[in-house]
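As C-alpha cells, the structure follows; a few thoughts come after it.
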Protein chains: 4
Amino acid sequence: MARRSSDPARVREKILKLAMEEFARTGFDGARVDRIAERSKVSKNMLYYYFKSKEGLFVAALERMYEEVRDQQRELSVRAHDPILAMRQLVEHTFQALESNPNAIRLMNEENKQRGRFLRKSKRIRDLYNPLVETISFILERGRVEGVFRPALDSAVVYMTLSSLCYHYLSNRYTLEIALGKDLASAASRKTWVEHVGNIVLLYCTAEVPSTTAPKTAVMRQRATSDADA
Amino acid sequence: MARRSSDPARVREKILKLAMEEFARTGFDGARVDRIAERSKVSKNMLYYYFKSKEGLFVAALERMYEEVRDQQRELSVRAHDPILAMRQLVEHTFQALESNPNAIRLMNEENKQRGRFLRKSKRIRDLYNPLVETISFILERGRVEGVFRPALDSAVVYMTLSSLCYHYLSNRYTLEIALGKDLASAASRKTWVEHVGNIVLLYCTAEVPSTTAPKTAVMRQRATSDADA
Amino acid sequence: MARRSSDPARVREKILKLAMEEFARTGFDGARVDRIAERSKVSKNMLYYYFKSKEGLFVAALERMYEEVRDQQRELSVRAHDPILAMRQLVEHTFQALESNPNAIRLMNEENKQRGRFLRKSKRIRDLYNPLVETISFILERGRVEGVFRPALDSAVVYMTLSSLCYHYLSNRYTLEIALGKDLASAASRKTWVEHVGNIVLLYCTAEVPSTTAPKTAVMRQRATSDADA
Amino acid sequence: MARRSSDPARVREKILKLAMEEFARTGFDGARVDRIAERSKVSKNMLYYYFKSKEGLFVAALERMYEEVRDQQRELSVRAHDPILAMRQLVEHTFQALESNPNAIRLMNEENKQRGRFLRKSKRIRDLYNPLVETISFILERGRVEGVFRPALDSAVVYMTLSSLCYHYLSNRYTLEIALGKDLASAASRKTWVEHVGNIVLLYCTAEVPSTTAPKTAVMRQRATSDADA
DNA sequence: GATGAATGAGATTTCATTCAT
DNA sequence: CATGAATGAAATCTCATTCAT
C-alpha cells in the first residue's frame with residue numbers, strides 16, 4: 001500500500017533538502033537522523049541505503065548546498081559594463097545570496113568547526129568556489145583597463161574583503177546585535193551595510209592605500225549616499 | 001574522607017577551563033559532559049552541583065571566555081597618540097586576541113548558531129563588548145580633532161568593519177583555504193592580511209567614500225607596503 | 001535485458017560456495033546474507049529465490065559441505081593390504097580431510113551448537129557418514145583375520161577415538177596453543193600428532209586393554225618413531 | 001523505588017552468570033545484550049557501565065567460565081596414590097567437569113571460531129590451564145618412579161589425548177549420534193566411553209607404542225572391563 | 001561538598017526479508 | 001530469472017541526569 005515513490009532520484013533530492021535544513025539548524029552533532037527521516041517521509045534505513053552513514057549524508061548535503069549557492073550566483077551574475085557599478089552589484093548579489101541561504105552560512109561554519117574535515121572528502125566542492133573569484137578578476141581587469149581601478153589588485157584579497165564583510169554581518173548577527181545594541185535584521189540596517197561594503201571595496205580598488213606614518217590629504221568629490229549616519 | 005580538594009573556587013575554575021575547550025572544540029551538542037568531568041578530574045555530579053545542567057555549564061563557560069577576551073584586550077589596549085598608528089595597533093590587537101583565543105571564535109559561532117539563546121541569559125556578557133567600541137570611539141574622536149579622520153564616523157561601523165575582517169579570516173580559514181588554494185596559516189599571509197585590514201579601515205576613516213556614478217580621480221601619495229601582492 | 005547469466009545451476013553452485021565460507025567463518029548468526037550476495041555477485045533476491053531463507057541457505061551449504069567431505073574421503077580411501085598400514089593411512093587421510101576443510105569443522109561445530117537442529121532437517125546428510133565407518137569395519141575385519149588386531153572390536157569406538165583425536169587438534173587449536181604454549185600449526189607438530197594418533201589407535205586395536213588394579217608388565221619390542229618427544 | 005541493589009560486586013556476578021549462559025547458548029553473534037540485561041534485571045546501560053562493550057562482556061564471561069572450571073577441577077583434583085587409579089580418576093573428573101559445564105565447551109568453541117581473538121586479550125586465562133597439565137605431570141612422574149609408566153612421557157601429549165577424547169564426545173554429540181545412530185547421552189554410553197578413554201590413556205602410558213611395519217605380538221594378562229562391547 | 005551506581009530515553013546502525021517491475 | 005528500492009524490527013551503544021550515601 002502506497003509503496004511506490006517510484007522515482008529514487010526524487011527521493012534522494014527530498015532527503016537532501018531536509019538534511020540540509022536539519023544540519024544547518026542544529027549542526028552535525030545536533031542533527032538527528034531520525035528527524036530527517038521522519039520529515040522526508042522515508043524510512044530511516046533508506047538514509048543509510050542512499051548515504052551510508054550520517055557523515056555521508058552530511059557531506060552530500062554540503063555538496064548540494066554548494067551547488068545551490070553556485071547556481072544562484074550564476075543566475076545573478078551580472079557583468080555590468082561600468083566596473084564600479086558591477087562591483088556594487090556583485091556586493092549586493094553576494095550579500096543577497098548568503099542572506100537567502102542561511103543554511104549555507106551555518107553549514108560553512110560547521111565545516112570550519114570540523115576543520116574542513118568533510119570538505120576535503122569532496123572533490124566537487126573545490127570547483128564551486130571559482131566562479132565568484134573569476135567574476136571579481138573580470139571586473140578588476142575591466143576597471144584597470146578603464147583606468148578607474150588600481151593596477152595589480154589581487155582578486156583573492158578583494159574576494160576575502162568583500163565576503164568577510166557580507167558573511168560576518170549575517171553570520172554573527174546575534175552577537176553583534178548584543179554588542180552594539182542595534183537591530184541588524186531591519187531593512188534599513190541591511191541596506192546601509194551593503195552600501196558600506198560597496199564603499200569600502202571600491203575605496204580599496206580605486207585609491208592608493210594609506211601608509212602608516214603619513215596622514216591622508218586626499219580630496220574626494222562625492223559624498224557617499226548614507227554611509228556616515230549608519 | 002580527607003579528600004579536601006583544595007578550595008571550591010579553584011575547582012570551578014578548572015571545570016570551566018576544560019568546559020570551554022570542550023564546547024569550543026565540539027560545539028554545544030557535540031560536547032560531552034562525561035568528557036569534561038573526566039578531563040577536569042571532577043566527578044560528574046560536581047558539574048551538576050556547580051552548574052546545574054549542561055546548559056548552565058555552557059553559559060558559564062561563555063561568560064568566562066568573554067572575560068578572558070576582555071582582559072586580554074584590556075592588557076593590550078594601546079592608546080597611542082597618533083590616531084593612525086593607534087588604529088593600526090587596534091587592528092593588530094584585535095586580530096591577535098582572536099587568533100590566540102580560537103575558543104572564543106568557536107564559542108561565538110556556537111552562540112550565533114543558537115540564535116543568541118544563551119547570550120540573552122547572561123546580563124554580564126553585554127558589558128564585555130563595550131570596551132572595544134569605546135576604544136574605537138576614542139581613537140576616532142582624536143583623529144577627527146587632529147584632522148586626519150573624517151568627521152561623523154560611526155564607531156559601530158568601524159567596529160563591525162574591523163572585526164568582520166579579522167574574525168572571518170580566522171573563523172573561515174578552512175573554507176577560504178580551499179576556495180582560494182592559499183595557506184592562511186602562514187606567518188606571511190597573516191601579516192599581509194593584518195596590514196590589509198589596517199589599510200582598509202584607515203582608507204575608510206580618512207577618505208571620502210566613492211559614489212556609484214562618478215569615477216574617482218583622487219590622487220594619493222603613498223603606496224601600501226605589501227598589500228598588492230597578497 | 002540480455003543478462004543471460006549462464007545457467008542457474010552454476011549460479012546456485014557459486015552462491016553455495018560463498019555461503020559455506022561465510023557460514024564457516026562467522027557461524028550462522030554472524031553470517032550476513034548481504035555479504036554472501038555481494039561476494040557471489042548475485043542480487044540478494046536471488047538468494048531468496050533459490051534458497052527461500054537464510055536458514056535454507058545454511059542447510060544447503062551444510063549438505064554441500066558434507067558432500068565435499070565425502071567425495072574427498074572417497075578419493076583418498078585407501079584399502080592397503082596390511083591392516084596396520086591401512087589404519088595409519090586412514091588416520092592420515094582423516095586428519096588431512098579435516099585439515100584441508102576448515103569449513104567442515106566450523107560447520108559441524110555450528111550444527112552441534114544448534115543441537116543438530118539443522119541436521120535433522122536433511123535426510124541426505126545421514127548417509128554421508130557411513131563410508132568412513134565402513135572402511136574402519138573393513139580394516140578391522142582384515143586385521144582380525146590376519147591375527148594382528150583383537151577380535152570383537154567395535155568400529156564405532158575406533159571411529160570415535162580416531163576422529164576425536166584428529167578433530168580436536170584442529171578444532172581447538174587456539175585454546176590448546178594457549179593452554180600448552182605450543183605452536184600446533186607447524187608441520188613438525190602436525191606430523192608428530194598424526195603419528196601419535198596412529199600409535200594410539202593401533203595400540204588399542206592390537207593390545208589388550210589394561211585393568212585398573214594390576215600393573216602392566218607387557219614387553220613390546222618396537223619403539224615408536226618420534227612419539228615420546230612430541 | 002527499589003533503586004538499591006546495594007552490592008555492585010553481586011550485580012556484576014549476576015550479569016556475568018547470565019552472560020555466560022547467553023553466550024554459550026547462542027555464540028557471540030547470536031547473543032543479545034538486551035536479553036542478558038533483561039534476565040539479570042539490570043538496565044542495559046549497566047552492562048556497558050561495567051563491561052564497556054559486548055566484547056568486553058564476552059571476555060569477562062570467558063574468564064569467569066575458566067575460573068569456574070578451574071575451581072571445579074581443583075575441588076575434584078585427586079592425587080590417588082596408585083598412578084593408574086589416579087589417571088582413571090583424572091579422566092573421570094575431566095569428563096565430568098566438561099559434562100557439567102556445557103557452557104564451557106560452547107564458549108571454548110566460540111573462542112576457537114574467533115581464532116583465539118578474545119583469549120589473547122585476557123592474560124588471566126592463560127594461567128588457568130596449568131593445573132590440569134601439572135596434575136598430569138605429577139601422576140606421570142609417580143608412575144615412572146613406580147615403574148608402571150614408560151619414561152619420557154610428554155604430559156602435554158597425554159593432556160591432549162585425554163581431553164580430545166573427553167571433549168569431542170560431549171562437544172560433537174549431535175553429529176556423532178547421527179553419524180553412528182547411537183544415543184550418546186545415555187548413562188551406559190557415557191560410562192563405557194569414560195572407561196574407554198581411561199583404557200586408551202593407560203595403554204599409551206604403559207605400553208611401548210607400535211611401529212608401522214612390525215606386527216604386535218604382545219601378550220597382556222588382563223581383559224578390560226567392558227570395553228569391547230561398547 | 002563529594003561520589004559511584006544507576007537509569008530512561010533515544011542515537012546510529014544493521015539485517016533478514018519483500019515488493020514492484 | 002533477475003533487480004533496485006524499500007522496510008520493520010531490533011541491535012549496540014550513548015548521554016544527560018539523578019539517587020543514596
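Just so it is clear, the model here is predicted, and its values are computed rather than measured.
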Where B:Y48 and B:S53 come nearest, the two heavy atoms and their spacing: CE2-CA, 3.9 Å

Is any side-chain nitrogen or oxygen of C:R32 closer than 4.0 Å to OP1 or OP2 of E:dT14? no

Please determine if a side-chain N or O atom of A:Y49 lies less than 4.0 Å away from the OP1 or OP2 oxygen of F:dA6. no

Can the ring centroids of B:F118 and B:F28 be said to lie less than 6.0 angstrom from one another? yes

For the backbone of B:R12 and the side chain of B:K17, can you confirm whether one donor and one acceptor N or O come within less than 3.5 Å of each other? no

Interatomic distance, D:F58 CZ vs F:dT12 P [rounded to whole Å]: 14 Å

Atom OH of A:Y48 to atom C1' of F:dA11: distance rounded to whole Å? 13 Å

Please classify the nucleic acid contact of B:Y50 as base, sugar-phosphate, or nothing, using heavy-atom distances under 4.0 Å. sugar-phosphate

Hey, does A:A31 reach any base, or is it just sugar-phosphate, or nothing, if we go heavy atoms under 4.0 Å? sugar-phosphate

Suppose we call a contact any N or O donor and acceptor under 3.5 Å apart; does that hold for the side chain of A:N45 and the base of F:dA5? no

Could you state the atom-to-atom distance from CD1 of B:I36 to P of F:dT17 in whole Å? 11 Å

Any side-chain heavy-atom pair from D:K41 and D:M46 closer than 4.5 angstrom? no

Nearest-neighbour nucleotide for the C:K54 side chain, F:dA11, F:dA16, E:dT17 considered: E:dT17

Quick one: B:L47 CG to E:dG1 P, roughly how many Å, whole number? 15 Å

Whether over 12 other heavy atoms sit under 6.0 Å from A:E38 CD: no

Quick one: A:D34 CG to F:dA11 P, roughly how many Å, whole number? 17 Å

Compare the minimum distances between each of E:dA6, F:dA5, F:dA16 and the side chain of D:V11, then state the nucleotide with the smallest one. E:dA6

Is the base of E:dT17 touched by the side chain of C:K44 through a donor-acceptor pair closer than 3.5 angstrom? yes

Among the nucleotides F:dT7, F:dA2, E:dT3, whichever has the atom closest to the side chain of B:M46 is E:dT3

D:R12 CZ to E:dA6 C1': how many Å, rounded? 16 Å

To the nearest Å, how far apart are B:E55 CD and F:dT17 C1'? 14 Å

Partner of E:dT21 by Watson-Crick or G-U wobble geometry, both contacts under 3.5 Å, or none? F:dA2

Nearest-Å distance for atom pair NZ/C1', residues A:K52 and E:dT12: 15 Å

